[in-house]
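Below: one structure, written as structure tokens.
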Amino acid sequence: MDSFESRRSVNPWDEGDYRIHGRVVKAPDGGFWPAYSIERIRGIPDAPKQAAAFHEVRAQTFTTRGLAEMMAVSHGVQRVRAMYRLDC
């Protein structure tokens with residue numbers, strides 16, 4: 001069997017003109033909540049660099065930090081893609 005080699009990190013993730021940073025927040029039940037922030041890395045030169053401040057997603061608690069971080073990036077990507085559809 002060939003060995004698997006990761007070629008790209010999940011965090012941070014570049015999506016178009018934006019970079020999503022996944023974070024993790026300790027939940028009261030001992031699990032972890034996903035959290036993310038989004039920065040503009042290209043595009044309009046005079047636009048604010050921070051596109052979305054630190055945002056916690058408390059809809060679900062995850063048992064591992066890694067899974068919560070991966071879900072944080074996923075939520076951030078969904079938000080960026082929604083902004084593109086709305087022409088923001």
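FYI, the numbering just counts along the sequence from 1.
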**Prompt:** Any donor and acceptor pair, going by atom type alone, linking the side chain of Arg23 with main-chain N or O of Pro34 inside 3.5 Å?
**Reply:**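 Flag not set: sc Arg23 to bb Pro34 has no pair under 3.5 Å.
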
**Prompt:** Any sub-3.5 Å donor-acceptor pair from Asn11's side-chain atoms to Gly22's backbone N or O?
**Reply:**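 Yes; judged by distance alone, with no hydrogens or angles, the pair exists.
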
Nearest-0.5 Å distance, [atom1] of residue [X] to [atom2] of residue [Y]:
X: Ser37; Y: Gln50; atom1: OG; atom2: CD; value: 7.0 Å
X: Ile20; Y: His75; atom1: CD1; atom2: NE2; value: 12.5 Å
X: Thr64; Y: Met71; atom1: OG1; atom2: CE; value: 11.0 Å
X: Thr61; Y: Phe32; atom1: OG1; atom2: CZ; value: 10.5 Å
X: Trp33; Y: Arg58; atom1: CH2; atom2: CZ; value: 4.0 Å
X: Trp13; Y: Met70; atom1: CH2; atom2: CE; value: 11.5 Å

**Message:** Under 4.5 Å between side-chain heavy atoms, counting indirect links through other Ile/Leu/Val/Met/Phe/Trp/Tyr residues: same cluster for Val24 and Tyr36 or not?
**Reply:**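 No, it is not one cluster - the side chains of Val24 and Tyr36 are not joined through contacts under 4.5 Å.
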
**Prompt:** If every non-hydrogen atom of Val80 is compared with every non-hydrogen atom of Glu15, which pair is closest and at what distance?
**Reply:** CG1-CG, 3.8 Å

**Pair Arg19 + Asp14: basic N to acidic O under 4.0 Å** = yes

**Prompt:** So do Phe54 and Ile38 actually touch side chain to side chain, heavy atoms under 4.5 Å?
**Reply:** no

